[in-house]
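Chain letters run A, B, ... following the sequence lines, proteins first, then strands; residues in each count from 1. For the numbers below, each heavy atom of this structure counts, side chains included, while hydrogens, waters and symmetry mates do not.
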Amino acid sequence: MAKELAKQYDPKNVEDRTYQFWLDKKYFHAQKAEGKKPYTIVIPPPNITGQLHMGHALDNTLQDILIRFRRMQGRDTLWLPGTDHASIATEAKIVEAMKAEGLTKEMLGREKFLERAWDWKAKYGGRIIEQLKKMGSSCDWDRERFTLDEGCSKAVNEVFVNLYNKDLIYRGERIINWCPNCLTSISDAEVEYEDQAGHFWHLRYKLKDSDEYLELATTRPETLLGDTAVAVNPNDERYSKFVGKKVILPIVGREIPVVADDYVDVEFGTGVVKITPAHDPNDFEVGLRHNLEVINVMTPDAKITDDYPKYAGMDRYEARKAIVKDLEAEGALVRIEDYSHNVGTCYRCGTTVEPRVSKQWFVKMKPLAIPAIEAVEKGETKFVPKRFEKVYFHWLENIRDWCISRQLWWGHRIPAWYCDDCGHITVSKESVCKCEKCGSEKVVQDPDTLDTWFSSALWPFSTLGWPEKTEDFENYYPTNTLVTGYDIIPFWVMRMMFSGIEHTGKVPFDTVLIHGLVRDALGRKMSKSLGNGIDPLEIIDKYGADALRFTLATGNSPGNDMRFSDDKVEASRNFANKIWNAARFILMNLSEDEPAPHIPENLAIEDKWILSVYEKLVRDVTDNLEKFELGMAVAKLYDFIWDVFCDWYIEIAKIRLQKDDESKDTAKAVLVYVFSGALKLLHPFMPFITEEIWQTLPHEGESIMISEFPVYDENLVFEAEEKEMDRIMTAIRAIRNRRAEMNVVASKKAKIFVETQFTETFEKAGVFMQKLASASEVEVGDKFDIPGAVSIITEDARMYIPLDELVDLKAEKARLEKELAATKKELDFVNNKLNNPNFVSKAPEAVVAKQRDAAAKLNDKIKMLEESIEKMN
RNA sequence: GGACGUUUAGCUCAGCUGGUAGAGCAUUCGCUUGACGUGCGAAGGGUCAGCGGUUCAAGUCCGUUAACGUCCACCA
């Protein structure tokens with residue numbers, strides 16, 4: 001015996017040690033080499049705020065599978081890792097932590113605050129990285145990046161200035177989404193809409209110099225303070241006479257015009273709309289068209305401004321109550337109706353967003369969106385599955401300018417300086433101390449920072465050294481595959497696409513592999529508030545990283561959500577254990593000086609069979625991986641290793657392993673060859689256990705992870721032997737089935753007589769039947785007459801087992817008759833097809849031939865069954 | 001209001017380019033078979049959501065309906 005393994009696989013003994021071994025050997029490090037085609041993935045950088053959740057675990061498992069596969073195929077493989085500074089999320093966390101100390105941002109000041117932020121990054125950014133390592137991720141840690149590091153910041157400035165010079169970035173006063181809690185603007189994509197129960201307040205505004213009123217409804221009466229018009233549809237005859245007149249704004253008493261605008265829907269409500277340009281995006285548009293005044297009535301934290309002393313300082317909901325009360329007192333409130341409407345909330349903190357007019361920086365999107373759409377239309381970048389291209393197109397086709405400035409401190413500061421003297425804006429990559437226009441030194445940098453996604457958008461090239469023409473950039477850009485969840489297409493994928501095209505002239509990746517969400521066992525989204533999140537590290541601790549990876553890679557198709565449950569991981573853990581024990585068995589039979597994996601001479605039928613099935617597995621798994629069908633690949637590996645290799649080949653191999661002749665060496669060699677090949681195929685999915693076992697088995701090279709991925713070889717396919725083994729296995733299954741039905745224990749051996757036209761095959765099968773079908777001995781012949789025996793009939797053979805004392809002849813006959821009827825029915829079905837002239841003439845020849853073959857076999861079986869029944873009479 | 005997804009065995013899900021349905025778990029029966037009881041052998045269980053169409057042939061393609069889910073959308 002060469003080496004001995006423990007009875008059960010213990011991941012804890014293996015994982016950390018193996019990972020350290022890989023690190024020490026620098027296998028993860030990408031290195032340009034002659035003749036090696038690069039394969040690159042940049043990691044979706046996790047936020048430094050949180051810790052690894054199941055979504056990350058899935059995302060990174062998929063990436064590691066692809067990376068390890070390509071690395072074994074001999075590609076120069078780069079998986080570039082890193083983290084994201086996550087400006088708004090991180091800043092919120094830090095502010096929250098400061099609150100406990102009684103501190104605010106302002107008390108601390110910008111510089112001190114940023115020191116804290118960097119401390120945070122050092123602490124939590126590192127934690128994420130450690131978690132990725134626990135998963136077995138083979139990232140090139142020497143190239144680890146951070147969105148706020150020097151290189152990425154340089155790229156950000158470069159891009160900002162370029163876009164500004166091309167007029168694709170501008171500063172303007174627009175209505176934007178404002179989060180009154182985070183105290184910053186957010187982009188359209190960062191607003192989440194949800195249905196909320198609310199009310200419709202029907203109000204009436206009195207016409208000036210008249211007794212008439214215009215009735216209208218609003219969901220937000222407090223915004224009335226900022227009303228600067230009332231609008232009706234120009235084609236609405238009911239109101240045409242009022243257009244151009246004035247109404248008196250209740251409470252406030254301001255005179256505001258009645259304007260005509262297409263925006264108003266005649267059918268909806270009364271057909272009259274109050275216009276508050278400062279607090280509603282549509283109203284803002286209407287205001288622009290009619291030159292209306294924009295009156296901001298709220299402070300940044302959504303309280304009424306001092307301009308309205310009666311309500312000043314009240315938050316928007318308090319003010320709403322007070323104003324409704326006053327409206328009622330004034331007789332302006334007609335009625336209140338229940339109403340459910342869509343409310344925008346901040347995707348970070350959930351606070352209701354307040355549309356607000358404010359001066360912000362924007363990226364002009366239309367010119368950038370067009371080439372990004374075209375690139376996908378032309379197939380330069382493909383989505384897997386393809387249906388997500390629709391989501392992508394839909395976003396880009398309806399895109400509005402991107403608000404990129406944030407009133408935050410943690411992030412890339414906007415590289416724009418304002419001149420106190422002439423008001424000119426100097427935009428520059430370098431720090432500015434003089435106005436480029438008037439030369440004044442009284443310049444102040446914009447205090448705001450950029451949207452986190454602005455730097456993420458550059459991630460595929462900023463991390464490779466762009467804008468410098470570095471070797472890495474030349475070598476690894478464009479990258480190959482981007483792996484991410486569908487929820488992040490509008491935030492990230494889309495923005496990387498147009499950024500890559502605009503700044504590098506190339507799409508950033510050729511394939512976007514989209515996966516779904518990991519849900520809990522009940523199908524609910526895992527969330528902090530529900531407390532149903534499952535920590536990947538706990539799962540790894542309990543079942544091992546390989547089991548977790550296997551679970552995440554299996555049993556779901558790309559783009560669909562999956563449910564996660566311990567049951568599934570347990571099944572995966574069992575699979576790992578199965579592999580472990582197969583290895584244990586093989587090792588038991590090996591001697592100290594076993595040769596490296598090779599295909600021996602003098603192959604037996606079972607050797608050719610397993611080699612052939614294995615070879616097809618190589619072909620299929622490779623094909624599946626190339627096509628990103630990871631779930632299918634892993635399912636095939638599972639079936640092969642468990643059901644084919646372990647349950648059949650190993651069992652059959654035992655026959656020769658117990659002998660002491662050269663056939664034993666053949667069996668050992670084939671076991672080692674096929675098993676280590678299967679381990680290689682499985683390695684991308686279960687890296688730890690495959691490495692551990694591979695190291696123990698005879699092998700060449702120093703690690704499975706840099707060994708060559710098996711390549712399909714047609715010469716190792718043995719169709720004839722596969723067919724023979726099929727006949728044998730079918731016969732064995734039929735015998736086992738029959739014995740089980742009769743409750744004959746396996747330990748009770750009995751002779752088997754086989755009548756068959758495949759004499760040679762079944763003569764070879766004798767030893768297999770002894771091992772696997774409880775045969776004491778097997779006799780193959782033309783004709784047997786064994787009275788009182790059980791007969792078992794397959795398409796290829798009739799077998800008799802003399803189990804006299806156990807056989808109930810009457811029942812036996814009934815059983816055979818039942819089987820005959822079933823077989824006849826099957827034959828009818830096939831014959832129906834064959835008798836259909838349309839089928840014979842129109843179906844492909846191969847399909848017809850298959851049916852003819854089936855019919856012939858069924859006829860053989862029927863004949864045998866009938867004979868057997870006849871004999872019993 | 002649009003768009004997309006899901007609907008297959010008791011449960012969770014596979015099923016690529018159309019050729020009488022598969023896995024894991026669960027259930028039932030049997031097993032100290034010298035790798036593994038985290039195991040071995042065997043069994044039961046499905047009109048592939050409904051309807052219509054294309055086709056020699058449909059879980060698989062087309063249309064439609066329903067239920068559930070997701071995303072998008074300025075109806076105040």
Exercise. Establish, with yes or no, whether the OP1 or OP2 oxygen of B/C36 is under 4.0 angstrom from a side-chain nitrogen or oxygen of A/R584.
Key: yes

Quiz item: Quantified in whole Å, what is the C1' atom distance between nucleotide B/U47 and nucleotide B/A43?
Solution: 23 Å

Practice problem: Classify the nucleic acid contact of A/M632 as base, sugar-phosphate or nothing, counting any heavy atom under 4.0 Å across all strands shown. | Solution: sugar-phosphate

Exercise. Give one of base, sugar-phosphate or nothing for A/V744, where a contact means two heavy atoms less than 4.0 Å apart.
Key: nothing

Quiz item: Under 4.0 Å: is that the gap between some side-chain N or O of A/W648 and OP1 or OP2 of B/C40?
Solution: no

Self-check item: N/O donor-acceptor pair, side chain A/R573 with base B/U38, under 3.5 angstrom
Solution: yes

Quiz item: Quick one: is B/G30 close enough that its OP1 or OP2 comes under 4.0 Å of any side-chain N or O from A/R739?
Solution: no

Exercise. Please state how far atom OH in A/Y486 lies from atom P in B/U70, giving the value in whole angstrom units.
Key: 9 Å

Exercise. Please state the C1' separation for the pair B/C11 and B/G30 - nearest whole angstrom.
Key: 25 Å

Quiz prompt | A/R220 side chain reached by A/E354 side chain, heavy atoms, under 4.5 Å | solution = yes

Quiz item: For A/N342, which contact category applies under a 4.0 Å heavy-atom criterion: base, sugar-phosphate, or nothing?
Solution: base

Self-check item: Heavy-atom closest pair, residues A/V569 and A/L548
Solution: CG1-N, 4.3 Å

Practice problem: Give a yes or no on this: more than 12 heavy atoms of other residues, nucleotides or ligands lie within 6.0 Å of atom CD of A/E845. | Solution: no

Quiz item: What is the distance, rounded to the nearest whole Å, between atom CG of A/L216 and atom C1' of B/A76?
Solution: 9 Å

Exercise. Give A/Y543 one of three labels, base, sugar-phosphate or nothing, depending on what nucleic acid heavy atoms sit under 4.0 Å from its own.
Key: nothing

Quiz item: Can you find a side chain N or O atom of A/K578 that sits less than 4.0 Å from OP1 or OP2 on B/C40?
Solution: yes

Quiz item: So what's B/G1 paired with, Watson-Crick or G-U wobble, going by both distances under 3.5 Å?
Solution: B/C72

Quiz item: Say you pick atom C1' in B/U64 and the same atom in B/A26; how far apart are they, in whole Å?
Solution: 37 Å

Exercise. Would you check if the distance from the ring center of A/F550 to the ring center of A/F575 is below 6.0 Å?
Key: yes

Exercise. May I ask you to say what A/K390 touches in the nucleic acid, namely base, sugar-phosphate or nothing, with a heavy-atom cut-off under 4.0 Å?
Key: sugar-phosphate

Exercise. Provide, to the nearest angstrom, the distance between the CZ atom belonging to A/F675 and the C1' atom belonging to B/A35.
Key: 10 Å

Exercise. Look at all strands and tell whether A/D265 reaches a base, only sugar-phosphate, or nothing, counting heavy atoms closer than 4.0 Å.
Key: base

Quiz item: Which value, in whole Å, describes the distance between the P atoms of nucleotides B/C40 and B/C25?
Solution: 10 Å

Exercise. Measure the distance from CD1 on A/I489 to C1' on B/C71 and round it to the nearest whole Å.
Key: 10 Å

Quiz item: Between atom CD1 in A/I586 and atom P in B/C36, what is the gap in whole Å?
Solution: 14 Å

Quiz item: What does A/W395 touch in the nucleic acid at a heavy-atom separation under 4.0 angstrom: a base, only the sugar-phosphate, or nothing?
Solution: sugar-phosphate

Exercise. Hey, which sits more toward the 5' end of RNA chain B by its nearest nucleotide, A/D647 or A/P281?
Key: A/D647

Quiz item: Looking across every strand, which nucleic acid part, if any, lies under 4.0 Å from A/E651 by heavy atom: base, sugar-phosphate, or nothing?
Solution: base

Quiz item: Ring stacking, A/Y263 with base of B/C74, under 5.5 Å and under 30°?
Solution: no

Self-check item: Distance in angstrom units between A/H394 NE2 and B/C72 C1', rounded
Solution: 5 Å

Quiz prompt | Sugar-phosphate only, base, or nothing, as touched by A/G631 at under 4.0 Å among non-hydrogen atoms | solution = nothing

Quiz item: NA contact type, A/P844, heavy-atom cut-off 4.0 Å: base, sugar-phosphate, or nothing?
Solution: base

Quiz item: Looking for any heavy atom pair under 4.0 Å, which part of the strands does A/S557 touch: base, sugar-phosphate only, or nothing?
Solution: sugar-phosphate

Quiz prompt | Separation of the P atoms in B/C16 and B/U6, to the nearest angstrom | solution = 12 Å

Quiz item: Under 4.0 Å between a side-chain N/O of A/N574 and OP1 or OP2 of B/G39, yes or no?
Solution: yes

Quiz item: Is B/G46 paired to anything, Watson-Crick or G-U wobble with both distances less than 3.5 Å, and if yes, which nucleotide?
Solution: none

Quiz item: With sugar-phosphate meaning primed atoms plus P, OP1 and OP2, does A/A635 contact a base, only sugar-phosphate, or nothing at under 4.0 Å between heavy atoms?
Solution: nothing

Exercise. Without swapping roles, check the side chain of A/N581 against the backbone of A/N577 for a donor-acceptor pair under 3.5 Å.
Key: yes

Quiz prompt | Partner nucleotide, any strand, of B/G39 [Watson-Crick/G-U, under 3.5 Å] | solution = B/C31

Quiz item: So which one's nearest nucleotide on RNA chain B is more toward 5', A/V264 or A/I650?
Solution: A/I650

Self-check item: Strand partner of B/U55, provided both Watson-Crick or wobble distances fall under 3.5 Å
Solution: none

Exercise. Provide the distance between the two P atoms, one in B/G63 and one in B/U17, to the nearest whole Å.
Key: 16 Å

Quiz item: Would A/K627 and A/D623 pass as an ion pair if we require N to O under 4.0 Å?
Solution: yes

Quiz item: Is it the case that A/Q196 and A/H341 place a side-chain donor and acceptor less than 3.5 Å from each other?
Solution: no

Quiz item: Using a distance-only test with no angle check, is there a side-chain donor-acceptor pair under 3.5 angstrom linking A/N574 and A/Y543?
Solution: no

Practice problem: Would you name the heavy atoms of A/T218 and A/K274 that are closest together and state the gap between them? | Solution: CB-CD, 3.7 Å

Exercise. Considering just the side-chain nitrogens and oxygens of A/N560, establish if one lies under 4.0 Å of OP1 or OP2 belonging to B/A14.
Key: yes

Quiz item: What integer number of Å spans the P atoms of B/G41 and B/A35?
Solution: 14 Å

Quiz item: When rounded to the nearest Å, what value does the distance between C1' atoms of B/U28 and B/A9 take?
Solution: 15 Å

Exercise. Report which part of the nucleic acid A/Y9 touches: base, sugar-phosphate, or nothing (heavy-atom distance under 4.0 Å, all strands).
Key: nothing

Quiz item: Could you state the CG-P distance from A/D566 to B/A26, rounded to the nearest angstrom?
Solution: 14 Å

Exercise. Can you tell me the pairing partner of B/A67 across any strand shown, Watson-Crick or G-U wobble, with both distances under 3.5 angstrom?
Key: B/U6

Quiz item: Is there a Watson-Crick or G-U wobble partner for B/G22 with both distances under 3.5 Å, and which nucleotide is it?
Solution: B/C13

Quiz item: How would you label the contact of A/W642 with the nucleic acid (heavy atoms, under 4.0 Å): base, sugar-phosphate, or nothing?
Solution: sugar-phosphate

